[in-house]
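The block underneath contains the structure these notes are about, expressed in structure tokens.
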2 protein chains.
Amino acid sequence: MPTSPTAKGLDAPQSSSSQTENGGRKLSNFLCFAIYSANLAFGRAYKPILDKLGLTYTQYVAMVALSEEDDQTVGTLGEKLFLESNTLTPILKKLESEGYLQRRRDPADERQVRVTLTPAGRKLVEMDPGAALTDAIGLGDEFPVVQQTVAQLRDNLLRATQAGSEKV
Amino acid sequence: MPTSPTAKGLDAPQSSSSQTENGGRKLSNFLCFAIYSANLAFGRAYKPILDKLGLTYTQYVAMVALSEEDDQTVGTLGEKLFLESNTLTPILKKLESEGYLQRRRDPADERQVRVTLTPAGRKLVEMDPGAALTDAIGLGDEFPVVQQTVAQLRDNLLRATQAGSEKV
DNA sequence: TCTATATAAATCGTATCCGATTAAATCGCA
DNA sequence: TGCGATTTAATCGGATACGATTTATATAGA
């Protein structure tokens with residue numbers, strides 16, 4: 001029995017005054033759009049930095065996840081990144097072909113593929129390309145709070161989405 | 001001369017204690033990753049809802065932007081959505097082929113294409129598909145604050161990115 | 001043991017994003 | 001007036017995301 005303070009309204013707070021011709025549905029009030037467009041902005045901010053390293057954003061994130069814990073399977077790596085093998089496999093193959101990691105079938109269970117960073121890959125992560133962006137974000141002290149809050153809403157959403165698609 | 005409280009560190013707050021084998025670089029501390037994964041989560045939460053309407057998320061957002069202000073050019077629509085014609089054109093063509101909007105060259109300036117919602121398109125937006133998600137987000141009172149903060153960091157990032165690529 | 005089921009990764013088709021380029025129309029200015 | 005520079009969309013190629021399917025391997029139970 002859900003009862004939120006902002007109940008009733010789209011994925012945005014209510015505003016009965018309709019400045020526009022629709023029903024007060026302004027893109028700028030959508031939280032999903034703020035997240036969506038902030039994600040685009042991050043991608044663009046990272047691009048010139050990662051271009052120098054020959055990495056895309058997703059490739060970079062995958063490398064960071066691997067540096068956190070090495071020798072993961074595609075599955076566990078995917079859990080951390082919220083991605084599945086259909087997205088991950090091509091990315092990992094690309095990174096392998098560039099010499100940043102290795103993919104190996106697990107001898108104990110040939111269904112699984114284990115992924116390990118190479119020294120070159122580890123070196124790349126240690127360059128810490130994201131460092132340059134902290135100032136550009138301009139949140140100051142708020143940084144950790146926002147990070148936590150956004151992660152929380154993500155987890156809430158995923159849980160709700162899962163719950164909604166429960167099997168018969 | 002940038003001096004933020006969290007200066008020095010990746011796009012994440014500093015933590016000298018290295019729980020992992022890398023250098024304290026944990027994906028869970030990256031703001032960019034929180035945003036990235038929250039965006040994936042929103043996409044998945046919206047999917048079952050929008051599937052019923054035969055829309056993708058980006059298509060839906062474009063329709064909302066149009067309902068805010070009709071008869072926009074591809075360019076101004078793109079400014080609102082932070083997208084350019086290379087992304088927008090195929091999406092708008094699809095929506096046109098489905099009868100939700102119309103694309104017309106502006107007689108006064110044949111370079112521009114003006115986009116208008118059809119009655120069917122307007123009806124679709126009025127169904128307000130995002131409404132079901134407010135509770136799932138689970139932020140309560142915090143909702144507008146988070147929305148504002150994320151929009152702010154997006155604008156900061158975009159400004160910084162632009163500034164960095166100033167032409168000679 | 002033998003086979004039905006389950007699981008992990010990979011493959012495939014569709015829809016974004018985005019940089020780079022192209023094509024068409026307009027503008028600037030001698 | 002005329003032509004080079006600018007502007008606006010559209011096109012093209014590469015890299016994600018993701019649902020659906022396929023392939024290979026492992027497991028369970030008769």
Side-chain angles (χ1 to χ4, degrees), chain A residues 33 35-48 50-52 54-63 72-79 81-98 103-115 158 161 165 167, chain B residues 33 36-48 50-52 54-62 72-79 81-98 103-115 158 161 165 167:
Chain A
F33 182 70
I35 297 279
Y36 165 82
S37 51
N39 184 49
L40 294 182
F42 260 120
R44 287 165 204 181
Y46 263 104
K47 183 137 224 306
L50 292 177
D51 270 354
K52 289 187 190 120
L55 285 180
T56 66
Y57 177 73
T58 311
Q59 287 167 2
Y60 169 56
V61 172
M63 304 269 293
Q72 293 185 77
T73 67
V74 173
T76 58
L77 192 58
E79 276 178 37
L81 297 172
F82 303 97
L83 295 172
E84 289 174 37
S85 66
N86 51 4
T87 302
L88 227 37
T89 296
I91 294 168
L92 295 175
K93 281 187 173 177
K94 188 86 197 310
L95 287 170
E96 182 178 43
S97 79
E98 285 164 343
R103 295 163 62 252
R104 261 174 306 205
R105 289 280 164 186
D106 185 335
D109 185 344
E110 293 273 345
R111 289 173 305 182
Q112 300 184 333
V113 166
R114 295 203 167 269
V115 188
L158 288 176
T161 305
S165 66
K167 44 182 72 110
Chain B
F33 182 70
Y36 165 82
S37 50
N39 184 50
L40 293 182
F42 260 120
R44 289 167 202 179
Y46 263 106
K47 184 136 221 307
L50 292 177
D51 270 353
K52 289 186 190 118
L55 286 180
T56 65
Y57 177 74
T58 312
Q59 287 167 3
Y60 169 56
V61 172
Q72 294 185 77
T73 67
V74 173
T76 58
L77 191 58
E79 277 177 35
L81 297 173
F82 303 97
L83 295 173
E84 290 174 38
S85 67
N86 51 4
T87 301
L88 227 36
T89 297
I91 293 169
L92 295 175
K93 281 188 173 176
K94 188 86 197 307
L95 287 171
E96 182 178 42
S97 79
E98 286 165 344
R103 295 162 61 251
R104 261 174 307 206
R105 288 278 164 189
D106 185 335
D109 184 343
E110 293 273 347
R111 288 173 304 183
Q112 301 185 333
V113 167
R114 295 204 168 268
V115 188
L158 289 176
T161 305
S165 66
K167 47 183 70 112

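Given the structure is predicted, the values throughout are model-derived calculations rather than measurements. Numbered from 1 within each chain, the chains take letters A, B, ... in sequence-line order.
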Query raised in the report: Distance check: side-chain N/O of T73(B) vs OP1/OP2 of dT8(D), anything under 4.0 Å?
Result: no

Query raised in the report: Does T89(A) put a side-chain nitrogen or oxygen below 4.0 Å from OP1 or OP2 of dA10(C)?
Result: yes

Query raised in the report: Parallel, tilted or perpendicular: which describes the rings of Y57(B) and Y36(A), with under 30° parallel and over 60° perpendicular?
Result: perpendicular

Report task. Please report, rounded to the nearest Å, how far the C1' atom of dC17(C) is from the CG atom of L158(B). Result -> 14 Å

Report summary line: Q112(B) has its side chain closest, among dC18(C), dT7(C), dT8(D), to dT8(D)

Query raised in the report: Starting at the 5' end of DNA chain C and moving along, which residue's nearest nucleotide shows up first, G43(A) or V74(A)?
Result: V74(A)

**Report entry** Atom-to-atom span, CG of L92(A) to P of dA15(D) - whole angstrom
**Finding:** 14 Å

Requested in this report: Spell out yes or no: do the side chain of S85(A) and the base of dA10(C) have one donor N/O and one acceptor N/O closer than 3.5 Å?
Outcome: yes

Report task. Please test L55(B) against L95(B) for side-chain contact (heavy atoms from CB on, under 4.5 Å), starting from the C-alpha separation and ending with a verdict. Result -> CA-CA 9 Å; L55(B) 286 180; L95(B) 287 171; 3.7 Å; yes

Query raised in the report: Distance check: side-chain N/O of Y57(A) vs OP1/OP2 of dC17(C), anything under 4.0 Å?
Result: no

**Report entry** For atom CD of E110(A) and atom P of dT23(D), their distance in whole Å
**Finding:** 19 Å

Query raised in the report: When all nucleic acid strands are considered with a 4.0 Å heavy-atom cut-off, which category describes N86(A): base, sugar-phosphate, or nothing?
Result: base

Query raised in the report: Taking atom CZ of R114(B) and atom CZ of R105(B), what is their separation to the nearest 0.5 Å?
Result: 12.0 Å

Requested in this report: Could you tell me whether the side chain of L83(B) reaches within less than 4.5 Å of the side chain of T58(B), counting heavy atoms only?
Outcome: yes

**Report entry** Contact under 4.0 Å: R103(A) side-chain N or O vs dA10(C) OP1/OP2
**Finding:** yes

Query raised in the report: Rounded to the nearest 0.5 Å, how far apart are CZ of R111(B) and OG1 of T73(B)?
Result: 11.0 Å

Requested in this report: Specify the separation, in whole Å, of atom CD of Q72(B) and atom C1' of dA9(D).
Outcome: 16 Å

Report task. Please determine, for the side chain of R111(A), which listed nucleotide (dA6(C), dA10(D), dT6(D)) has the closest atom? Result -> dA6(C)

Report task. Indicate whether OP1 or OP2 belonging to dT16(C) is found under 4.0 Å from a side-chain N or O atom of Q59(B). Result -> yes

Query - Rounded distance in Å - CZ (F33(B)) to C1' (dA17(D)) - result: 14 Å

Query - Whole-Å distance separating the CD1 atom of I91(B) from the C1' atom of dA17(D) - result: 14 Å

Query - side-chain contact (heavy atoms from CB on, under 4.5 Å) assessment of R44(B) paired with L40(B) - result: CA-CA 6 Å; R44(B) 289 167 202 179; L40(B) 293 182; 3.9 Å; yes

Report task. Answer with base, sugar-phosphate or nothing: what part of the nucleic acid does R114(A) contact at a heavy-atom distance below 4.0 Å? Result -> nothing

Query raised in the report: Does a nitrogen or oxygen in the side chain of T56(B) sit under 4.0 Å from OP1 or OP2 of dT14(C)?
Result: no

Query raised in the report: Counting any heavy atom closer than 4.0 Å, what does L88(B) reach on the DNA or RNA strands: base, sugar-phosphate only, or nothing?
Result: nothing

Query raised in the report: Taking only N and O in the side chain of K94(B), is any of them less than 4.0 Å away from OP1 or OP2 of dA15(C)?
Result: yes

Query raised in the report: Within this structure, what is the CG-to-P distance between N39(A) and dT16(C), rounded to whole angstrom?
Result: 16 Å

Requested in this report: Look at K93(B) and dT11(D) and indicate whether a side-chain polar atom (N or O) is within less than 4.0 Å of OP1 or OP2.
Outcome: yes

Report summary line: Rounded to whole Å, the CG-P distance (L77(A) to dA8(C)) equals 14 Å

Query raised in the report: With a 4.0 Å cut-off on heavy atoms, is L40(A) in touch with a base, just the backbone sugar-phosphate, or nothing at all?
Result: sugar-phosphate

Requested in this report: Could you check T87(A) against D106(A) and say which one's nearest nucleotide on DNA chain D is further toward the 5' end?
Outcome: T87(A)

